[in-house]
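Worksheet: one structure, shown below.
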Amino acid sequence: MVNRKIVGAHYGLMDWLAQRTTAVLMALYLLVMSIALLSGVGSSYQRWHDFMSFGWVRFASFVFIVSLCWHVWVGVRDIWMDYVQSTGLKLTLHVLTLAVLVGYAGLATQIIWRL
Amino acid sequence: MKTRNLQFKIYRYDPDKDQKPYMQDIAVEVDSTDRKLLDALVKLKAVDDSIAFRRSCREGVCGSDALNINGRNGLACLTDISNFPEGKPIMLRPLPGLPIIRDLIVDMTQFFKQYHSIKPYLINNDPPPERERLQSPEDREELNGLYECILCACCSTACPSFWWNLDKFVGPAGLLAAYRFIADTRDQATNERLDNLEDPYRLFRCHTIMNCVDVCPKGLNPTKAIGKIKDMMVSRMV
Amino acid sequence: MSVNVTVRKFDAVIVGAGGAGLRAAIQLSEAGLKTAVLTKVFPTRSHTVAAQGGVAASLGNSEEDHWHWHMYDTVKGSDWLGDQDAIEFMCRKANECVIELEHYGMPFDRTDNGRIYQRPFGGHMSNFGEKPVRRSCAAADRTGHAMLHAMYQRNVKVNTQFFVEWMALDLIRDAEGEVLGVTAMEMETGEIFAFHAKATIFATGGSGRIYYSSTNAFINTGDGVGMAARAGIPLEDMEFWQFHPTGVAGAGVLITEGVRGEGGILRNGQGERFMERYAPNAKDLASRDVVSRAMVTEINEGRGCGPNKDFVLLDITHLPPETIMKRLPGIHEIAVQFAGVDALKEPIPVVPTCHYQMGGIPTNYHGQVVVPGKTSQNEVMPGFYAAGECACASVHGANRLGTNSLLDLLVFGKSAGETAVETLKRTPKAHKELPADAFDRTLARLDRLNHQKGGANVHETRLAMQRSMQKHAGVFRFNDLLKEGVQKILEVQQDVQRTEIQDKSKVFNTARIEALELDNLIEVAVATMVSAEARKESRGAHVRDDAPDTPERPNGRDDANWLKHSLWYKDGNRLDYKSVALRPLSVDTIALKTRAY
């Protein structure tokens, strides 16, 4: 490959939009959870367990986890883009970040749904 | 006439002579007719003619004398001497993030390259009419706050994203110019311009740190312009 | 300092990238000629950027207007010293050139029906001097900025090749007198180059820095004018310098005449609107020389303002704040920055300040440099063109009308470019060989500067020149002072020939650049002082105590003896004269008459 700085990947808007959308989704989830906690669902393990087992809570939790990982992906990738200059290293870090995030997402989902 | 002794610490570097840059302590006597930092610099140069800096219009419209003054980018000709605290040396450094040619003079090649990359000219492929292309005063108003840019580079060189990705991020000045043409009702290349910017580096390195807004000597707001470009991209997509 | 001179060949070389240079460059680049544009500063830093009020064109967007009326105003403004062929050419071309700019994308302000906004300006009248007319096409009070950027942008579009931060040093002429290009220094490296070209266009701007108090930028050092003078080309009408009525007192920064166009009023220390006494009809919008002299008269007669009674006030406090912020935002900014006043609430202290050089390198209206020769007083010098403030076409004569400078650089920048393109296309030829001594003058200057010992300090010498010019060739001129001034400026010239710099380094040596600029400034200063001393009449901006206003000679103007252009030659410091072109291209001569506003 010629040694030239290349731009023009023609993406970026989706990520930028995703980062904002996921932030809003996470904020909503945290709001709902705060209200729930304030109303005492966390007073005992059993109540907490029952609450987390509702279908809609599971659904919302799943959305939250995916949002978080997606949000982190864009943010962390931005950091690699800013500070890592070598293409090979950058790609490796991107792949590692993705692998870790996918792993985390899977694990977290499993934990919640196993309850 | 009231005089004042100004102490400076000035970044000095002559590639032919100096192994590495250093900060020089130097003082100059200014009187009440010297209002601006540039007046003091001109006096300094009369004392030591080897101090190199750019200057031209001395009224804030040409954009030559952008410097890093006490850690903040600004134009020497618009910086009041009276605002400098007594007894503390004034730190003068070249604009950060760009290669240094000599003393306070930076190499602006990358800055202009980014400016040129957004096609900074009106694109209208209709045959030119005999008279002016019409534009309503309201449409013309959209260009206010955009066309006044003097390309001094205070904003771009205050932007961390620009420092890290000098060669890839267009930077606030270039993006302001990009929006100046997108916002012009006479321009027909809005789509191409948006395509040209839809890139994780060229536009989306802007993390709304807003240093650009903070330092702009003309009071312009590149962050707002960048936001409008993003808005247009979103409305184009959905 | 390297003595190797690298030669680069181009079809055309343009020196200067202000309005005129950029306009000419568009012409050459669009024609596909290999063109180099040399500029001391990045193009948008050229001083055209500081022009504020507007560019004249009889578009008639707000009320009826006609190029012939514009022509009449310009001839009258010039106190009949302007060449009427060139003036007709300029006024007729105005609309086309302004419309072109609009098509390039210049963000003009707009009228309600979407056309280019026009405002009144000093000396612009309808129907041959009847009443003020809105002729100045404006982009707020940043017209020069908007224009320069639009033209730079157009040049980016047509791929003009710029050499940014290159300073032209000397003109190259061969034994037959033909111009073959310039020598230049790349400022970043200090290396010397020659630009060998079939057409050389000077668009180097003005030289206002010869005065102590000037609206001009630091870079306005008359480089083109100095180079031409050293190469044996005469300088035309150098005694005529415009003092802009409204420079910020103390700072010298320009306050556009557009302020008065929008309704601003000049007041003396007693709060009186004194212009009513000097120009009952046009009042504050009289021609610039008239207003400047009125202001100095007020100050001299003790009716100035401030503790030393040394300025007058420009008052816009009666205008609606919205108008000020919409039409004059830059002025509001300048008043805060440089006068420390909020113009919405307080008047701005102003004094007449050196602003514009009416004279320059003699050209015809095609932009070709012309010099007296065997066959005519206007023989075309092959290969050499000039446009803008450095040139003298002469459209401004003894006094320029506001907004005619931007028009001048558009029309003659374009016309010089067009003529160069036509000439090169019509008679294609190889580059003429450079003479053996092509670089001698440049190398001698640099060598002298590098080896000068015990010489004169550049800063102090420049200051001495500026003070002499200010004192001896100011708004009002006195026979004794002028005579003394000639002696003084020749003494300063001696010092300029032995300037010394401490810094002898190569990389971006601004001390060397300033010393080289001073070489150019002094040519302009000497030309000005000598030409002014010799012209024993009052005309336009040149007003002498020994040529007062009398019934036989109204305003001190002496048409019988002095209706002629001065030509100053560096060689022998001598003067020659040539006649004024009183015959326009298509209309009748605008006959001589007494100038009153």
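Each chain gets a letter, A, B and so on, in the order the sequences are listed, and its residues count up from 1. Please read all numbers here as calculations on a predicted model, not as lab measurements.
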Around [X], counting heavy atoms of other residues, nucleotides and ligands shown, do more than 12 lie under 6.0 Å from its [atom1]?
X        : atom1 : result
B:Tyr22  : OH    : yes
B:Lys218 : NZ    : yes
B:Trp163 : CH2   : yes
B:Arg140 : CZ    : yes
B:Lys224 : NZ    : no
A:Met14  : CE    : no

With a 4.5 Å limit on heavy-atom distance, are the side chains of [X] and [Y] in contact?
X        : Y        : answer
A:Trp16  : B:Leu203 : no
B:Arg205 : A:Met81  : yes
B:Met233 : A:Leu17  : no
B:Phe204 : A:Asp78  : no

Sidechain-backbone polar pair: A:Asp82 side chain, B:Trp164 backbone, donor-acceptor under 3.5 Å = no

message = Strictly distance-based, threshold 3.5 Å: is any side-chain N or O of A:His10 a donor or acceptor partner for the main-chain N or O of B:Asp195?
response = yes

task = Heavy-atom pairs under 4.5 Å with chain A are the metric here; pick the option from B:Lys168, B:His207, B:Glu198 that has the most.
result = B:Glu198

key: From B:Lys230 atom NZ to A:Leu13 atom CG, the distance as rounded to the nearest 0.5 Å   = 9.5 Å

